[in-house]
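A, B, ... follow the sequence lines: proteins, then strands. Residue 1 opens every chain.
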Amino acid sequence: MTVDIMWKKLPIKPIEVSLNKVLRCGQTFRWKNVNNTWSFTTQDRIVLLKQFEDHIQYSWIMLEGQPKDVPHSQLEKETTSFIEDYFNLEVNLESLYKNWIKADLLYKKKKTPFQKFPGIRILRQDPWETLISFICSSNNNVKRISKMCDSLVNEFGEYINEYEGIKYYSFPNFQSLAKPGVESKLRDLGFGYRAKYIYQTALKFLDNEKYPDITIEKLNDLRLQDYETAHDFLLQLTGVGPKVADCICLMALDKHDIVPIDTHVYQIAVRDYKFKGSKTMNKQVYHQIRVFFKEIFGPYAGWAQSVLFTSDLGDLNNGINKVEVIKGEEETIKVENKRGILRTL
DNA sequence: TCTAGACCTGA
DNA sequence: CAGGTCTAG
């Protein structure tokens with residue numbers, strides 16, 4: 001059975017969103033690049049994206065066996081809404097970059113990463129998915145995190161449909177991950193000690209007796225709460241420390257000013273912004289650096305940080321999500337790897 | 001309260 | 001060593 005795909009256009013330039021960077025810089029681990037088309041699943045469809053010079057083409061494939069009586073125009077509207085929401089398109093990135101460049105040039109003599117890496121924005125991802133993905137990220141690398149997220153949807157998600165010979169599944173809900181045996185299954189899949197974290201966290205959402213306060217509704221509601229409330233809530237969950245909590249705050253809960261401090265960002269602060277380094281990374285230093293970056297870059301400091309992080313990352317093409325590439329058309333991103341002295345935080 | 005070590009796995 | 005967290009003392 002062949003599926004008809006109708007492509008639609010959104011007038012967005014690469015300077016506002018660079019899919020190749022945004023979808024591979026360690027915010028999301030689940031987009032696949034199949035023959036130069038990006039693909040992702042929501043709960044009820046596969047979303048497809050393709051970037052061009054002055055627009056992005058998008059399409060979708062519905063959950064298999066869906067009733068056909070929903071008008072095409074409505075499905076299109078839903079898909080557009082998802083894209084606008086997921087990519088935070090109401091935020092004008094170009095004007096943010098202008099301010100960041102101005103601020104950054106006070107610290108840099110020549111070009112800043114913002115001039116070399118346009119189009120990097122923070123996504124507005126689903127809180128539950130972001131929570132589980134970033135539990136996987138602890139002491140881990142992008143390639144393996146991507147592989148783990150792929151295992152997660154294939155093993156525990158619901159089947160959506162097929163595209164280009166690949167079967168797509170939705171991201172599993174907490175009920176699926178709280179079932180008996182999930183932990184050992186995750187161990188078998190190579191999750192290591194994170195298997196326990198994920199299972200325990202899912203259990204807390206399931207067990208309304210012991211944890212009446214921990215529900216998906218409350219998690220989603222954190223978008224409307226202040227940062228401290230959100231941060232404290234997340235710290236209750238197993239496998240979530242200050243760094244992972246901040247990633248979730250920034251990438252799912254609309255806390256645009258929060259800069260997650262990891263080994264990388266710490267080094268950037270010391271190396272490029274003359275932050276007075278301390279030997280150990282404790283809670284106090286963590287807080288100091290976050291305030292430090294917020295003072296430099298302002299209310300969207302978390303967004304700015306992702307540009308710095310990506311420019312420092314070097315090879316973005318290291319994930320497993322690149323499925324197949326048309327010969328000779330691969331976009332190569334050349335970056336000198338500036339990683340200096342090492343991580344003795 | 002705060003600081004070292006252990007912790008899964010794969011490159 | 002990888003975008004850390006948990007635990008004991």
Side-chain angles (χ1 to χ4, degrees), chain A residues 21-30 113 120 122-123 125 130-152 182-201 203-204 231-252 258-271 278-290 293 301-320 335 337-345:
Chain A
K21 297 193 194 74
V22 171
L23 300 180
R24 285 191 297 182
C25 69
Q27 289 187 62
T28 170
F29 307 96
R30 216 157 61 74
I120 298 174
I122 292 295
L123 302 170
Q125 303 183 68
T130 311
L131 165 62
I132 299 303
S133 305
F134 278 90
I135 287 177
C136 294
S137 78
S138 77
N139 194 242
N140 208 347
N141 56 62
V142 173
K143 186 175 176 179
R144 184 149 82 109
I145 302 165
S146 302
K147 189 183 168 191
M148 287 159 71
C149 289
D150 202 44
S151 305
L152 216 47
V182 166
E183 181 179 345
S184 64
K185 183 70 188 173
L186 289 172
R187 280 270 175 184
D188 294 342
L189 290 168
F191 279 65
Y193 55 80
R194 300 165 201 84
K196 187 176 175 182
Y197 295 167
I198 291 171
Y199 181 60
Q200 298 285 6
T201 289
L203 275 183
K204 286 184 178 177
H231 192 83
D232 289 350
F233 177 93
L234 294 167
L235 286 183
Q236 301 178 92
L237 306 169
T238 316
V240 179
K243 155 64 172 56
V244 167
D246 282 348
C247 284
I248 301 165
C249 282
L250 173 64
M251 300 171 191
I258 295 306
V259 177
I261 309 300
D262 57 38
T263 52
H264 259 286
V265 174
Y266 177 82
Q267 287 169 68
I268 292 172
V270 174
R271 187 193 64 205
S278 94
K279 289 283 184 336
T280 55
M281 173 66 105
N282 56 38
K283 202 174 173 183
Q284 207 177 21
V285 180
Y286 192 97
H287 182 73
Q288 282 173 6
I289 301 180
R290 197 175 44 235
F293 274 115
W303 290 47
Q305 168 273 152
S306 79
V307 180
L308 300 177
F309 180 82
T310 306
S311 78
D312 209 58
L313 202 53
D315 184 17
L316 288 178
N317 200 12
N318 59 354
I320 57 146
V335 191
N337 190 331
K338 295 187 291 188
R339 247 167 275 177
I341 313 157
L342 260 273
R343 25 205 107 243
T344 341
L345 286 194

Between A:L23 and A:L123, which heavy-atom pair has the shortest distance, and what is it? CD2-CD1, 4.4 Å

Would you mind classifying the nucleic acid contact of A:V240 as base, sugar-phosphate or nothing, using non-hydrogen atoms under 4.0 angstrom? sugar-phosphate

C:dT5, OP1 or OP2 - any side-chain N/O from A:T238 closer than 4.0 Å? no

Specify the separation, in whole Å, of atom NZ of A:K283 and atom P of C:dG4. 19 Å

On DNA chain C, does the nearest nucleotide to A:V259 precede the nearest nucleotide to A:L235 from the 5' side, or the other way round? Give the residue. A:V259

Reported CG-to-SG distance for the pair A:D312 and A:C25, which is rounded to 0.5 angstrom: 13.0 Å

Starting at CG of A:L131, measure out to CE of A:M251 and round the result to the nearest 0.5 Å. 13.5 Å

To the nearest Å, give me how far apart CG (A:N141) and C1' (C:dG4) are. 13 Å

Applying side chain to side chain donor-acceptor pair (under 3.5 Å), can you list everything that pairs with A:T238, at least two apart in sequence or on another chain? A:K204

Using a heavy-atom cut-off of 4.0 Å to chain A, what are the terminal contacting nucleotides of DNA chain B, in 5' to 3' order? B:dT3 to B:dT9

For DNA chain B, list all stems, counting runs of three or more consecutive pairs where every pair is Watson-Crick or G-U wobble with both distances under 3.5 Å. B:2-7 with C:4-9

Is the backbone of A:L308 close enough, under 3.5 Å, to the side chain of A:S311 for a donor and an acceptor to pair up by distance? yes

For A:N140, the side chain to side chain donor-acceptor pair (under 3.5 Å) test, sequence neighbours excluded, returns A:R144

Interatomic distance, A:L203 atom CG to A:K196 atom NZ [nearest 0.5 angstrom]: 11.5 Å

Sorted by first residue and then second, give each salt bridge (charged side-chain N to carboxylate O under 4.0 Å, His left out) pair with at least one member in residues 238-250 of chain A; sequence neighbours left out. A:D246-A:R290

Can you tell me how far CG of A:L234 sits from CD1 of A:I248, rounded to the nearest 0.5 angstrom? 5.0 Å

Nearest heavy atoms of A:S137 and A:V244, plus distance in Å: OG-CG2, 4.3 Å

Provide, to the nearest angstrom, the distance between the CZ atom belonging to A:F309 and the P atom belonging to C:dG3. 6 Å

What residues 185-198 of chain A contributes to the DNA chain C interface at heavy-atom separation below 4.0 Å is A:Y193, A:Y197

Rounded off to whole Å, could you give me the CG-to-P distance for the A:D312 and C:dG3 pair? 11 Å

Could you check how far CG of A:D262 sits from P of C:dG4, rounded to whole Å? 6 Å

What is the distance, to the nearest angstrom, from the CZ atom on A:R144 to the P atom on C:dG4? 12 Å

Working to the nearest 0.5 angstrom, can you tell me the gap between A:F29 CZ and A:S133 OG? 6.5 Å

Regarding A:P260, tell me which of base, sugar-phosphate or nothing describes its non-hydrogen contacts under 4.0 Å with the strands shown. base

Write down the distance separating the P atoms in C:dG3 and B:dC7, rounded off to the nearest Å. 22 Å

Between atom CZ of A:F293 and atom CD1 of A:I268, what is the distance when rounded to the nearest 0.5 Å? 6.5 Å

Mind checking if A:Q305 touches a base, just sugar-phosphate, or nothing, with heavy atoms under 4.0 Å? base

Just how far, in rounded Å, is P of C:dT5 from CD of A:Q200? 17 Å

Between B:dA11 and C:dT5, how many Å separate the two P atoms, rounded to a whole number? 24 Å

Using whole Å, what does the distance between atom P of nucleotide C:dG3 and atom CD1 of A:I289 come to? 17 Å

